[in-house]
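Here, residue 1 is the first one in the sequence, and each next residue gets the next number. Hydrogens, waters and symmetry mates are skipped; everything else that's a heavy atom, side chains included, is used. Every number for a ligand or one of its atoms is a count from 1 in the order of the listing.
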Amino acid sequence: MIKFPRFRNRKKKPSQVISDIEQHNIERQQFREVLESINATRIPDRLKILDEFLTVELHITLPDLLQFIEAGGNKNYDLDFLGETMDMFCQCGFAQKNEFETQEATYEHHHLGDHHDHFICTSCGLIREFRNNRLEGLQMEIAAEFNFHPLQHKMEIYGLCEDCLAKREVNPPLQLAAVGEKVRIVEIVGSREMQARMAAMGLSPGILLEVINNNPGGPFIVAAHDTRLALDLAMAQSILVTHACRHPDKK
Ligand SMILES: [Zn+2]
Ligand SMILES: [Zn+2]
Ligand SMILES: [Zn+2]
């Protein structure tokens with residue numbers, strides 16, 4: 001069994017009167033006509049990919065889609081051909097490509113007339129779809145205030161999903177905090193020398209920090225007051241923190 005942790009079944013709208021199979025057949029026919037009109041090569045292969053893709057109904061990366069198709073016994077494709085075909089689907093409005101930060105690009109089925117936005121967990125990669133009419137309306141109002149005429153938008157909210165939040169230690173080391181996260185120093189552990197180094201940088205319990213960068217390749221940067229501080233790994237491991245973003249209380 002292949003596991004696809006990123007995926008989630010899309011909720012079906014009660015108003016959806018035609019079945020998914022009928023809808024897929026309509027899209028297949030439309031795509032065939034487009035392919036024929038542009039004299040595309042390997043039309044049956046591309047239609048087969050569309051069939052497989054439409055059965056997935058998830059956010060899927062190219063390698064995962066290839067694996068999914070191959071698991072069904074079809075080994076005719078490589079990543080280049082698959083990528084080219086998926087890009088054709090996007091250009092024709094059958095698929096949408098999402099390039100979320102810190103993640104490989106994913107494709108999802110584009111349902112005509114259906115708009116949704118995304119929550120992205122920066123810890124486990126979970127993608128969650130949402131739609132909020134108040135938020136949609138507010139965006140239109142704000143655009144109107146700026147005399148801007150919006151045509152489309154993408155709302156991507158990065159953070160931690162429920163599971164990842166629950167798995168967190170109570171006072172994790174700063175090193176584990178996510179980019180954009182605001183944390184408060186609870187304790188500084190380590191040698192006396194380390195403590196003195198931190199104190200000289202103005203770091204002590206109670207201080208608020210915002211994580212600017214924690215990519216393993218680059219420097220660990222936090223903002224404290226109005227300054228940006230570069231920390232080495234030992235320092236980031238010695239600072240125990242508590243999450244300090246302000247969120248409205250859950251009802
Ligand atoms: Zn939206
Ligand atoms: Zn998560
Ligand atoms: Zn989506």
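Between Phe100 and His118, the ring center distance clears the sub-6.0 Å criterion. Proximity of the aromatic rings of Tyr107 and Phe53 is defined here by a centroid distance below 6.0 angstrom, and this criterion is not met. Aromatic rings from His115 and His110 are positioned such that their centres are separated by 6.0 Å or more.
Summary: OE2 is the N/O/S atom of Glu136 found nearest to the Zn ion (ligand 1). Nearest N, O or S atom of His115 to the Zn ion (ligand 1): atom NE2. The atom of Glu129 nearest to the Zn ion (ligand 3) is OE2, with the search restricted to N, O or S atoms. Atom OD2 is the N, O or S atom of Asp117 at the shortest distance from the Zn ion (ligand 1).
For a distance bound of 2.8 Å, the N, O or S atoms of His116 include none lying that close to the Zn ion (ligand 1).
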| task | Start with the C-alpha gap between Arg28 and Phe31, add the side-chain angles, then the distance that decides, and say whether side chain to side chain contact (heavy atoms under 4.5 Å, CB included) holds. | result | CA-CA 5 Å; Arg28 185 177 210 282; Phe31 190 57; 5.9 Å; no
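Taking a 4.5 Å side-chain heavy-atom cut-off between Ile, Leu, Val, Met, Phe, Trp and Tyr, the cluster of Val170 contains only that residue. Grouping Ile, Leu, Val, Met, Phe, Trp and Tyr by side-chain contacts under 4.5 Å, direct or through others, leaves Val34 on its own. Applying the under-4.5 Å side-chain rule to Ile, Leu, Val, Met, Phe, Trp and Tyr, the cluster around Leu209 extends to Leu174, Val183, Ile185, Ile188, Met194, Met198, Met201, Leu203, Ile207, Val211, Phe220, Val222, Leu229, Leu231, Met235, Ile239, Val241.
Put simply, the side chain of Asn171 never gets that close to the backbone of Val186: no donor and acceptor are under 3.5 Å apart.
Around the CD atom of Glu36, the shell of radius 6.0 Å holds more than 12 heavy atoms that belong to other residues, nucleotides or ligands.
Listing protein N, O or S atoms at distances below 2.8 Å from the Zn ion (ligand 2), with waters left out, gives Cys121 SG, Cys124 SG, Cys161 SG, Cys164 SG.
Rounded to 10°, the angle formed at the Zn ion (ligand 3) by OE2 of Glu108 and NE2 of His118 is 90°.
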